[in-house]
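The block underneath contains the structure these notes are about, expressed in C-alpha cells.
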There are 4 protein chains.
Amino acid sequence: MTTLLSPNVEHKPMTDKRQAILDTALSLFVSQGFHGTSTASIAKQAGVATGTLFHHFPTKEVLMESLFLTIKQEFANALLLNIKEGGDLKEHAEQLWQSAIDWSIDNPIKQLFFQQYSMSPMIAASIREQAMNSILGFIAQLIQKGQLMGLISHYPIELMLENCHGQYLAATRYFIDNPELGKDKHHRDASFALFWKALRAD
Amino acid sequence: MTTLLSPNVEHKPMTDKRQAILDTALSLFVSQGFHGTSTASIAKQAGVATGTLFHHFPTKEVLMESLFLTIKQEFANALLLNIKEGGDLKEHAEQLWQSAIDWSIDNPIKQLFFQQYSMSPMIAASIREQAMNSILGFIAQLIQKGQLMGLISHYPIELMLENCHGQYLAATRYFIDNPELGKDKHHRDASFALFWKALRAD
Amino acid sequence: MTTLLSPNVEHKPMTDKRQAILDTALSLFVSQGFHGTSTASIAKQAGVATGTLFHHFPTKEVLMESLFLTIKQEFANALLLNIKEGGDLKEHAEQLWQSAIDWSIDNPIKQLFFQQYSMSPMIAASIREQAMNSILGFIAQLIQKGQLMGLISHYPIELMLENCHGQYLAATRYFIDNPELGKDKHHRDASFALFWKALRAD
Amino acid sequence: MTTLLSPNVEHKPMTDKRQAILDTALSLFVSQGFHGTSTASIAKQAGVATGTLFHHFPTKEVLMESLFLTIKQEFANALLLNIKEGGDLKEHAEQLWQSAIDWSIDNPIKQLFFQQYSMSPMIAASIREQAMNSILGFIAQLIQKGQLMGLISHYPIELMLENCHGQYLAATRYFIDNPELGKDKHHRDASFALFWKALRAD
DNA sequence: AATGAATGAGCTTTCATTCAT
DNA sequence: TATGAATGAAAGCTCATTCAT
C-alpha cells in the first residue's frame, strides 16, 4: 500500500537509465545535431549523472552507433511485421511502401534521425552499410523478381535502389512536414503512384 | 537586373586569401563536418593566419553561409547557361536534368557539400529556403505548365517537387559513387527515364 | 614479542581476494605509477569487483600504505633471517649487504616499488620514516659500533646513513638492470667493496 | 618617466608567459607531483589563461619534458663553467663534486625535481637516458683516466657510474634536508671523502 | 564477504574569437 | 590587410568512492 507521502513511484527498478539516455540522445541529436549536443546535456535531461552515461556507453560515438542500430532494428521489425503472403507483386510493393511511410509518420523523430545520420560521416561506414543493406537487400530481390516477370523496367539495379531510397526519403519528408496529410488517402496513394510509375515497365 | 536564378549578391573583392579560405573550408567541411573542422585548421591549410580568416568572415557561421551562397550561385549559373529555347517540354526537362547531373559530376565536392548541408540545421532556415526556392521555383513552373498541357500527372505540387528533389539527390549520389558511369549514355538516360516516368501523365 | 625488524602488524586474514588485490596493485603501481593506476583497473585485473577492493581497503591511499608496510616487512624478515652471530664487524656488514642485494634481485618489482615510493609524497611521511628507521636504525648501530672499534671513519652519522642508502639503491639498480650479473661473484664483491671502502677508517 | 600611477612594470614584453609557466610547473610538480598538479592550477598560478599553457606546450607531457631538458641543460652548464685546467685528477674530481653539490644547494627545487623525475616513468626513457648520458659520459672518462693512472679501483665501469650517481643523490638529499650544513667545510669535505674513498685504488 | 551500477567533481584539451602590432 | 599570441568557456571523459542488493 502506498500513501500520498510515500508513493511507490521511485520504486520501479531503474534499470532503464540506459534507455532514458538513448531516448534523450535521440531527441537532442535530431534537434541540435551530434556535435551541438553535449554529453552533459544528454545526461542532465535524462536524469542521470554524466558518469552514468559513460558507464553505459564508453564514448559519445558508441552512444550514437547504439542509437542508430537500435532504431534501424525497430524499423526493420516494423516492415517485417506487416508483410503478408499472397497478392501480386505490385500489391507487395505497395504494402511495403505504405508500411515504411506509416513507420516514418508514427516515428517522425526517428525518421529525422535516419535522414540526418544515415549518410553522415558521424557513423562508421561499415555500420551504415550493414544497416542499409539489410533493408535494401530485401528491395533488391523484389525489383529483380519484378524484372523477370516483366513488371519492372530493366535499368541498372544499383541505380534503381538509390532511386527508391531517394523517393522514400522525399515522401517521408513531405508527410513529416505536413502531418495532416499523412492520413489522407489521396496523398498517400499519390506518393506510391509516383514511386511505382518510375519503376514499372512501360 | 537580376533574374530568378542569379539574385544580386554583394560582390566582395575575391582576394586570393579570401578565396583560399573558401576553398579550404569547402573541402574540410565536406570531409570532416562543420563542427569537426576548426577555424584554425582552415586558416592553416589555406596558408593564412587565424586572424585573417576572421578579418574576412566575422564568424564561422558567416563563412559557412558565404560558402553556401557562393556554391548555390555557381550551380544556378551552370543550369541557366545550358537552357536553350525551343523544343518541347520533355526536352526542356531532360536538358535541365542532364545539366544538373553534369554539374554534380563536375563538382562532386560541392555536390557533397549540398547534400550534407542543404538540409542541416547548420545553415539558417531562411537562407536554405531562399536557395532552394530559387531553383525549385523554376521546376514548379515547369511542372505546372506540363500539367496544363496534359503531359504531367496531377499530383500535389509540393509532393512532386519533393519527389523531384529526392530523385535528383539519388541520381547524383549514384554517379558520384560510380564516377566511371557518369559518361555512360545508357546510365545517364536511365536516370532521366526513371525521373520522367514518375512525373509524366499515363 | 616484537623485534626491531618485525614490529607487530595487525594480521588481517589474508584472504585470496585481498592478496590478489595487493599483488595486482604492486605490479600496476610500479609500471604505471600510483595516479596512473585506477582502482577499477586493479580490481579488474585482480578478478574482483570494485566494491570488493574498497571492502578490504577503505581508500586507495590505505591500499598503498598496506602494500608499503607489507613489503617493508618482507624485506626486514629477509634480512633478519640471514643474520648470523659470530664473525667480525666487516663480515657482519657484508652479510647484511649481500642479503639485501639478494632480496632485491629476488624481488625486483618490490625493489622498484621501494625505489619509486619510499621517497615519494605518495606515502605519509610518518609511515615512510617509521619504515626507513626500523632498517636504518640497525645500520646506525652497526656504524657507531664500528667507529668505536676504530674500523669506520668518523663522519657525521646522518651523512653516512644517507650515503649507505644511496649506495644500496645504486647497487640494486645496477643488478636489476643487469640481471645476469646478479650471480657473478666478481660484480657482487665489487659492489660491497665500493660500499665498504667508503665507510672504513683509513 | 614612470609615476606611481603608471608604473612601467607591466610594460616589459610579456613574451615570457612561457617562462612563467615553466617556473610554476617546476614548483608545483615538485611539491604536488605530476598527476597531483592540474594544468589549470599551473596556468592560474603563472598568471595566464589555461589556453595559453596549451598554446606553448601542446600537452602536459611536453611541458614536463621541456622542463626536464631545460633544467638538465642548466645543470650541465653550471658544471662546465667551473671546470678549471691544471691540477691533479683528485682535485679535478673534487672540483666537479663540489660544483655539483653547490648547484644542488643553490637550486634545491630543481634538484628535487631531478630526484623525483629523472628515474620516473613520467619522462620518456629516451629523453632520460640522453640527459643522463651527457653528464655521466663525462664522469666515465674521468674514471677511466684515473684507472689508467692507477688512482682509481678497477671495478666494472657501469657499476662505478651507478655508484657515483647514488652517492651524489645521497649527498644532495643530505644537504637539502640540512641547509645549514651546506656551507660547513667539515660536512662538505666529508661528503667528498666518502665518495672518493669508495673509488680510489687502495 | 562480494557485487557493480551510479555518482559528480575534476581533469586535460579544444576552439572560436579578440586585439595589439 | 594581415598576423598569431592570448583568452576562457565548454567539451568529452575519468575515477575514487558509495550503496542497495
Side-chain angles (χ1 to χ4, degrees), chain A residues 11 13-18 21 34-44 46-63, chain B residues 13 15-18 21 34-44 47-63, chain C residues 13 15-18 21 34-44 47-63, chain D residues 13-18 21 34-44 47-63:
Chain A
H11 283 290
M14 268 285 209
T15 26
D16 286 282
K17 306 236 171 199
R18 192 190 145 93
I21 292 166
F34 179 76
H35 288 287
T37 304
S38 71
T39 51
S41 72
I42 297 171
K44 189 172 190 178
V48 304
T50 58
T52 306
L53 187 153
F54 288 95
H55 180 70
H56 290 287
F57 307 95
T59 68
K60 199 184 178 187
E61 268 79 19
V62 167
L63 168 56
Chain B
T15 67
D16 280 357
K17 305 228 169 196
R18 190 186 148 90
I21 292 166
F34 178 76
H35 288 286
T37 303
S38 69
T39 52
S41 71
I42 297 171
K44 187 172 191 178
V48 304
T50 58
T52 306
L53 187 153
F54 285 91
H55 180 73
H56 289 288
F57 308 96
T59 70
K60 199 184 179 186
E61 269 78 20
V62 168
L63 168 57
Chain C
T15 67
D16 280 356
K17 305 228 169 199
R18 190 186 149 91
I21 292 166
F34 179 75
H35 287 288
T37 304
S38 69
T39 52
S41 72
I42 297 171
K44 188 173 191 178
V48 304
T50 59
T52 306
L53 187 153
F54 285 91
H55 180 72
H56 289 287
F57 308 95
T59 70
K60 198 184 179 187
E61 270 78 19
V62 167
L63 168 57
Chain D
M14 267 286 209
T15 26
D16 287 282
K17 306 234 170 200
R18 192 190 145 93
I21 292 166
F34 179 76
H35 289 288
T37 303
S38 70
T39 51
S41 71
I42 297 171
K44 189 172 190 178
V48 303
T50 60
T52 306
L53 187 153
F54 287 93
H55 180 69
H56 290 288
F57 308 95
T59 68
K60 200 184 179 187
E61 268 80 19
V62 168
L63 169 57

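Every chain is numbered from 1, with letters handed out A, B, ... down the list of sequences.
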For this session: Would you classify S41(A) as touching base, sugar-phosphate or nothing, given that sugar-phosphate means primed atoms plus P, OP1 and OP2, and contacts are heavy atoms under 4.0 Å?
Result: nothing
Winner on side-chain proximity to T50(C), out of dT12(E), dT17(F), dT7(E), is dT17(F)
Worksheet item: Do F34(B) and H35(A) pass the side-chain contact (heavy atoms from CB on, under 4.5 Å) test, and can you show the C-alpha distance, the side-chain angles, and the key distance before you say yes or no?
Response: CA-CA 9 Å; F34(B) 178 76; H35(A) 288 287; over 6 Å; no
CZ (R18(A)) and CG (D16(A)) are apart, to the nearest 0.5 Å, by 9.5 Å
Sorted by position of nearest nucleotide on DNA chain E, 5' first, the leading residue of F34(D) and T37(B) is F34(D)
Shortest non-hydrogen pair, S41(C) vs S38(C), comes out as OG-O, 2.8 Å
Between K60(B) and T37(B), the two heavy atoms sitting closest are NZ-O, 2.7 Å
Q | T52(A) vs dA5(E): side-chain N/O to OP1/OP2 distance below 4.0 Å | A | no
For A40(C) and T50(C), the nearest pair of non-hydrogen atoms, with its separation, is CA-CG2, 4.2 Å
Closest of dC13(F), dT3(F), dG8(F) to the V48(B) side chain is dT3(F)
Check: Reckon H56(B) has a side-chain N or O less than 4.0 Å from the OP1 or OP2 of dA2(F)?
Finding: yes
- [ ] Indicate whether OP1 or OP2 belonging to dA2(F) is found under 4.0 Å from a side-chain N or O atom of H55(B).
- [x] no
Hits for side chain to side chain contact (heavy atoms under 4.5 Å, CB included) against F54(A), two or more places apart or cross-chain, chain-then-number order -> T39(A)
When every non-hydrogen atom of I21(D) is compared with those of I42(D), the smallest separation belongs to O-CG2, 3.9 Å
The answer to which of G36(C) and G51(D) contacts DNA chain F further toward the 5' end, by nearest nucleotide, is G51(D)
K44(C) NZ to dT3(E) C1', in whole Å, measures 15 Å
Side-chain contact check for K60(D): nearest option of dA5(E), dT1(F), dT13(E) is dT13(E)
Taken to the nearest whole Å, CZ/F57(A) to C1'/dG12(F) is 16 Å
Regarding the side chain of T59(C), the nearest nucleotide among dA5(E), dT17(F), dA5(F) is dT17(F)
Report which part of the nucleic acid S38(B) touches: base, sugar-phosphate, or nothing (heavy-atom distance under 4.0 Å, all strands). sugar-phosphate
By nearest-nucleotide position on DNA chain F, the 5'-leaning member of H35(C) and G47(B) is G47(B)
Picking from dA1(E), dA6(E), dT3(F), the nucleotide nearest the side-chain atoms of K17(B) would be dT3(F)
From the candidates dT1(F), dT17(F), dT14(E), the one with an atom nearest any side-chain atom of F54(C) is dT17(F)
Here the distance between atom P of dA11(F) and atom CD1 of I42(A), to the nearest Å, is 11 Å
To the nearest angstrom, the CG-P distance between L53(B) and dC15(E) comes to 14 Å
Which of dT12(E), dT7(F), dG12(F) is nearest the side chain of T39(A)? It is dG12(F)
Stem ranges of DNA chain E by first residue number, counting only runs of at least 3 Watson-Crick or G-U pairs under 3.5 Å, come to E:2-21 with F:2-21
